[in-house]
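Here the structure comes first, spelled out in structure tokens, and everything after it is commentary.
This is a predicted model, so every value here is computed, not measured.
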Amino acid sequence: MAVISSLLDVPYSSAHPLLQFDYYCAKGDADARPLLVFVHGGAWRSEDKRDHAELAQRLAAATEYPVVVPNYRLTSKTRVEHMFRHPAHAEDILGFLEFLGDWAAPPELEPSFNPRELYLIGHSCSAHMLASIFLDSTHITPSLTPSPQLLEAVKGVVLSEGIYDIDRLLRTFPPYRDWFIEDAFGPRESYAHFDVNQYRLRDAGKSPSSWLVLHSRADTLIDIPQSQLMYDHLQKLHEGNTESIIAHDFDTLKDEHDELLRGDEYVKLVQGFVSRVHGLTPQAQGLLPKQ
């Protein structure tokens, strides 16, 4: 593996001590590179950026691009009077992504990154967060509206093992309501308003035009129809757009919901997608997912 440098626990907001991120980069030339952003999952209530340090280092080594992993505030695992709920988690992530537009890594950490070329990776609940930000949820959560500069900067989005339609999720896995959905979204008869499959592109088609949807058939926590419907929705939104890349892979990953992040195939799929969108030619490496 390439030599990886890191900068840990960098604050991106003074609103809460948890709002920090870690930065990883493989040693290379000084030319600015695209930046990968991995947002962890955990049912809106658990996990930490440090849990994904190894994945971030493997992504940095494979792509030779810097990688950042942010924390965001979490919903309490015990019921309290004022629960931290959606869209607040996604607001933290949006604030972090906006912060990156003006942040520069220390000069000793080369290569630097290009804040105008971002690739975002969302896993599990963070797939829902990223879709809520970069598709148009304004009528439901106007606080998740990204700036024009951020919309322009995000070139591609990878979504893996995602939650997209919460009502469908609860029909398939009824215990999830009490386990984490009511805590993260509040008690409701229906969560249809938060179904990202109903969200359109943002104004003037400024949502990212390249998306990769991943799912493992071995995942027992979230079923493939969640990802299939999301992929179908993205394809419909970008119908006729010859510059878009809407890809999916539901066959390559063979491990459970979180275990797949530890495997080489996940890194290869992300690497192939990012290389393709960036304009490189990874076809000869056999890295491209299906369209």
Does [X] have its ring centroid less than 6.0 Å away from the ring centroid of [Y]?
| X | Y | answer |
| --- | --- | --- |
| Phe194 | His128 | no |
| His278 | Tyr65 | yes |
| His215 | His248 | no |
| Trp211 | Phe134 | no |

Could you tell me whether [X] and [Y] make a salt bridge, using a distance below 4.0 angstrom between a side-chain N and a carboxylate O?
| X | Y | result |
| --- | --- | --- |
| Glu152 | Lys155 | yes |
| Asp92 | Arg73 | yes |
| Asp9 | Lys49 | yes |
| Arg79 | Asp178 | yes |

Practice problem: Nearest 0.5 Å please: distance from the OG atom of Ser227 over to the CG atom of Leu214. | Solution: 8.0 Å
Exercise. Could you grab the distance from atom NE2 of His257 to atom OG of Ser216, nearest 0.5 Å is fine?
Key: 10.5 Å
For [X] and [Y], does a side-chain donor sit closer than 3.5 Å to a side-chain acceptor?
| X | Y | result |
| --- | --- | --- |
| Tyr266 | Ser160 | yes |
| Thr138 | Arg202 | yes |
| Ser143 | Thr141 | no |
| Glu117 | Tyr119 | yes |

Quiz item: Which pair of non-hydrogen atoms, one from Val39 and one from Ser126, has the smallest distance, and what is that distance?
Solution: O-OG, 2.6 Å
Check: [X] side chain, [Y] main-chain N or O, donor-acceptor pair, under 3.5 Å:
| X | Y | result |
| --- | --- | --- |
| His233 | Leu229 | no |
| Tyr72 | Phe96 | no |
| Ser244 | Ser210 | no |
| Glu98 | Ser147 | yes |

Practice problem: Assess whether atom CZ of Arg116 is packed by more than 12 heavy atoms of other residues, nucleotides or ligands within 6.0 Å. | Solution: no
Quiz item: So Phe99 and Tyr12, would you call those rings parallel, tilted or perpendicular, with 30° and 60° as cut-offs?
Solution: tilted
Self-check item: Aromatic plane relationship, Phe180 with Tyr176 - under 30° parallel, 30 to 60° tilted, over 60° perpendicular
Solution: tilted
